[in-house]
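Let me begin by presenting the structure, written as structure tokens, before commenting on it.
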Amino acid sequence: MLGDAVTPVQFVVQTRGLTRSFGALTAVDHIDLQVATGSIFGLLGPNGAGKTTIIRMLTTLLPPSAGEAWVAGFDVLHQAAQVRQHIGYVPQMLSADPDLSGYENLLIFAKLYRVPASLRRVRIKEALAFMGIAEAAHALVRHYSGGMIRRLEIAQSLVNRPEVLFLDEPTMGLDPAARHAVWGHVQSLWRQWGTTIFMTTHYMEEAEALCQTVAFIHQGRIVKTGSPAALKAEAGEGATLDDVFIQLTGESGEEGGSFSEASRTRQAARRHG
Ligand SMILES: Nc1ncnc2c1ncn2[C@@H]1O[C@H](COP(=O)(O)OP(=O)(O)OP(=O)(O)O)[C@@H](O)[C@H]1O
């Protein structure tokens with residue numbers, strides 16, 4: 001929780017040789033990462049590059065096959081409970097219950113995170129207001145738009161005031177207006193609370209709008225790290241971040257069957273059928 005860390009750390013996420021295999025497949029291959037405390041960091045890469053697997057290891061949901069990782073100063077393997085107390089995680093898949101109100105969904109998360117009963121109401125109201133959905137707090141989530149559901153899911157992860165917030169494809173399947181609204185709320189969260197954001201995205205425009213540092217991952221390996229501006233300059237005059245993506249991975253960030261498929265899945269799911 002904010003202000004609750006044992007010692008302030010310069011790098012709120014650090015990995016050394018982090019590796020995860022599934023049978024013969026090495027999905028994440030000896031990753032060394034350092035994410036500065038208080039920054040917005042973007043992990044970029046094509047479908048199947050290993051982004052979600054990295055997030056799942058950093059959020060203690062999946063044990064590494066080899067290597068080490070620390071989040072908020074705690075070892076993900078040996079201090080998993082402490083890591084969980086200091087993070088929020090918004091997965092790609094839907095995590096809100098459509099048959100409950102927004103308030104009720106947040107109450108479940110507040111209990112899961114063991115927010116003291118006396119603080120729950122305040123924390124929930126604060127998170128709903130922060131994400132701009134206070135007025136819909138008592139409506140059933142099945143009546144929310146896709147953008148509102150996404151903002152609710154982020155609000156859910158804020159009730160324990162996380163030091164680091166992991167967002168896996170935060171605007172997947174949203175229309176441009178809803179996407180911009182999510183960006184605005186993520187930016188104010190970062191500005192006002194100083195929360196470190198660790199996100200993945202396929203949208204290069206999103207990475208440019210939000211991230212100070214990005215790392216490109218391809219076939220389980222980090223192939224380039226830097227600021228969007230520096231990487232574009234290095235790629236050549238007039239290069240866009242999409243050009244950098246194509247140069248490094250041989251694929252386009254926003255096209256391709258599997259991405260479209262994933263996007264459709266999220267769009268279909270966002271209104272809960
Ligand atoms: N539980 C699992 N069992 C077997 N293979 C897996 C498992 N989880 C992921 N993989 C494989 O590991 C590789 C990396 O997957 P991962 O989901 O991390 O990629 P990604 O970059 O997040 O892609 P996406 O954008 O589709 O989420 C893929 O080849 C995937 O099929």
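Whatever order the structure lists ligands and atoms in, that order sets their numbers, starting from 1.
Under a 4.0 Å criterion applied to the non-hydrogen atoms of Ala49, ligand 1 contributes the atoms 19 (O), 20 (P), 21 (O). Atom numbering of ligand 1 starts at 1 in the shown order; those under 4.0 Å from a heavy atom of Thr52 are 17 (O), 18 (O), 20 (P), 22 (O), 27 (O). Ligand 1 places these atoms under 4.0 Å from at least one heavy atom of Lys51: 18 (O), 19 (O), 20 (P), 21 (O), 22 (O), 23 (O), 25 (O). Every atom of ligand 1 with a heavy atom of Gln92 under 4.0 Å away is listed here by number and element: 27 (O).
For Arg56, the heavy-atom gap to ligand 1 stays at 4.0 angstrom or more. His202 counts as a contact of ligand 1, since one of its heavy atoms falls under 4.0 Å from the ligand. Heavy atoms of Pro46 come nearer than 4.0 angstrom to ligand 1 in at least one pair. Residue contact check for ligand 1: Gly50 places a non-hydrogen atom closer than 4.0 Å to it.
In the candidate list Ile217, Thr53, Leu62, Thr53 is nearest to atom 18 (O) of ligand 1, counting heavy atoms.
Heavy-atom minimum distance, Ser95 versus Gln156: OG-NE2, 3.5 Å. Minimum interatomic distance between Leu174 and Arg179 (heavy atoms only, all atoms of both residues): O-NH2, 3.4 Å. Here the closest non-hydrogen pair linking Ala72 and Glu163 is CB-OE1, 3.9 Å.
The distance from the CE atom of Met131 to the CG atom of Leu106 is 10.5 Å, given to the nearest 0.5 Å. Once rounded to the nearest 0.5 Å, the distance linking CG of Leu210 with OG1 of Thr201 reads 8.5 Å.
When heavy-atom distances to ligand 1 are checked against a 4.0 Å cut-off, Leu25 comes that close only through its side chain, counted from C-beta outward.
Residue Phe22 has no nitrogen or oxygen atom sitting less than 3.5 Å from a nitrogen or oxygen atom of ligand 1, judged on distance alone.
The local environment of NZ in Lys232 is crowded, with over 12 non-hydrogen atoms from other residues, nucleotides or ligands closer than 6.0 Å. Surrounding CZ of Arg120 are more than 12 heavy atoms belonging to other residues, nucleotides or ligands, all under 6.0 Å away.
In this structure, Phe130 and Trp193 have tilted ring planes: the angle between them lies in the 30° to 60° band.
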